[in-house]
Amino acid sequence: MSNHNPSPSPSQSQSQGQGQGQVQQAIPRAIQQTIPIVQLEPGGGKIHFREQKGDFQRLRTRLNSLLVCLFLFIPFLNYQGHQAILFDIVQQQFFFFGISLWPQDFTLLAWVFIIAAFALFFVTVFWGRVWCGYLCPQTAWTFMFSWIENRIVGNSNNRKALDKAPWSLAKFRKRLAKHSLWGLMALLTGCGFIGYFIPARELYVDIFSFSAGFWVTSWVWFFALCTYLNAGWMREMMCLHCCPYARFQSVMFDANTKTVTYDAARGEARGPRKRKQETQLGDCVDCNLCVDVCPTGIDIRNGLQYECINCGACVDACNQTMEKFGYPLNLISYASENQLKGQKHVIWRSPRFLGYGAAVLIMLIILGLDMRSRSEIQLNVIRDRQSLYRETLDEMIENSYRLKIRNKTQQDREYQLQLGGNPQYRLLADARLLIHAGEQLDYPITVQAPSAALDTSRQTIDFIVTDMDMDANGQAPSVSQSSSFFSH
Ligand code: SF4
Ligand code: SF4
């Protein structure tokens, strides 16, 4: 016989009748927000959350570590002799693995950001704030700084004790070590961030040899200071008071959205007990571990709260307790409102899920088409405004133009300039052009045609610029632009 109240599974809880009211009361509809409950340490001080081990924390740690490593090492990646990802502010170019984007191409970047936003909404409908718990830089850096603090000062009790302890040499040494390591991580983060805007290899050398210019140094230290304050001091305050996503994410929730949820029907009435003790209480032994490990200091047993970042620490903590007491796992779990009511979890029928999914798909197709139609050569033809045309002694008509040709690749390229529209057009300029990587050639030219070959006073003339190198498909990329050729 079980030594505790039979614990209805989510599917059982409704059929048993008991607890359904509790579920409704303790876990309101996902779109309803409970009154914000921010449980700071007694006295309103800093939250010293406990370090927790478990499946979700292992996953979070690995994802966070991967994120931090990628963030720091991507600026060192080279591709075709250039930094693979670089927003070059000076040259007003964005380099992305061999693709150069110019300010006029920034609609592509806008598409990427819009798609990323809708992909986030799509994931939120399904998994709630899983982005916040597992991938958000604020969470990753906060946990990293907290990990450093744990190694130097000790667990949450040691940290609280050190806060209260009077100043001594030992306290000073621990504080100095902690803040030095935080400062170093913050400085690396500042360099990492600025390394996306100016060449990273030179940046690190310049910063650590104190030879960087004033503005570069200022920006690096500014972002280092922001990191130090955010991850070291502000922590959950950023999520609670500054992050807009925390405020509007509930709009995307529906009854099928999985969020970290306490199964009140199973857990209540909560209360302490000894292991293997017979009791009429619910499964929650009131060990308070779920609160101790929470980085935002909330008690998930009070229902869904906007402060919850879905990090899963309380799930791991509670499962640890459940294991100790021999109770079924997942008293706190990632569950939807429908699952807790014992109803079927059918995310596919959610209009929001389908809507955001369709929007992401459509925008990805548009982005793909936009990328395919993008040319690596930019051509702009401007007619000479000084004179409409000139007539020469040998009965030739001349028109002048100014061509602006930009090589948008990251290599020097040779181009062939051709004319189209009338086979009698003759170019009075060199037709072979060498343009250096990323540069624009301003090329004034004159085009001539025999007067007898022009049967109207205004004819179309096409300027065709062809890259002399074949692309990956064996085709020579080219662009063309039409203009007018005037005569009498
Ligand atoms: S309630 Fe649980 S999932 Fe939410 S922030 Fe706290 S520990 Fe993380
Ligand atoms: S960790 Fe689980 S058992 Fe402990 S107080 Fe929280 S919900 Fe109750």
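Note that the structure is a prediction, hence the values are computed from the model and not measured. First listed ligand is number 1; within each ligand, the first listed atom is number 1.
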Aromatic rings [X] and [Y]: how do their planes relate, parallel, tilted or perpendicular, breaks at 30° and 60°?
| X | Y | result |
| --- | --- | --- |
| Phe96 | Phe94 | tilted |
| Tyr327 | Phe325 | tilted |
| Tyr334 | Trp127 | perpendicular |

Side chain proximity check, Phe208 to Cys191, heavy atoms < 4.5 angstrom: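 Yes - at least one pair of side-chain heavy atoms lies under 4.5 Å apart.
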Every N, O or S from the protein that is nearer than 2.8 Å to atom 6 (Fe) of ligand 1: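 The answer is Cys294 SG.
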How close does the nearest protein non-hydrogen atom get to [atom], and which residue and atom is it?
| atom | result |
| --- | --- |
| atom 3 (S) of ligand 2 | Val285 N, 3.5 Å |
| atom 4 (Fe) of ligand 2 | Cys287 SG, 2.3 Å |
| atom 8 (Fe) of ligand 2 | Cys284 SG, 2.3 Å |
| atom 2 (Fe) of ligand 2 | Cys318 SG, 2.4 Å |

For Asn310, the ligand 1 atoms whose distance to one of its heavy atoms is below 4.0 Å: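 Within the 4.0 Å cut-off of Asn310, ligand 1 contributes 3 (S), 4 (Fe).
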Element-labelled atoms of ligand 1 that are located less than 4.0 Å from some non-hydrogen atom of Gly312: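 In order of numbering, the contacting atoms are 3 (S), 8 (Fe).
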Which atoms of ligand 2 are found less than 4.0 Å from any heavy atom of [X]?
| X | answer |
| --- | --- |
| Asn288 | 4 (Fe), 5 (S) |
| Ile332 | 7 (S) |
| Met322 | 3 (S) |

Between [Y] and [X], is there a salt bridge with N-O shorter than 4.0 Å?
| X | Y | answer |
| --- | --- | --- |
| Arg266 | Glu268 | no |
| Arg175 | Asp163 | yes |
| Asp469 | Arg413 | yes |
| Glu149 | Arg235 | yes |

Nearest heavy atoms of Cys308 and Val260, plus distance in Å: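 That closest heavy-atom pairing would be SG-CB, 4.3 Å.
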Distance in Å, Lys408 NZ paired with Trp102 CH2, rounded so as to fall on 0.5 Å steps: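 One finds 8.5 Å between NZ of Lys408 and CH2 of Trp102.
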Separation of Leu225 CG from Leu187 CG (nearest 0.5 Å):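 Taking CG in Leu187 and CG in Leu225, the distance rounds to 11.5 Å.
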Ligand 2 versus Arg270: contacting region, heavy-atom distance under 4.0 Å: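 It is neither part, as no heavy atom is under 4.0 Å.
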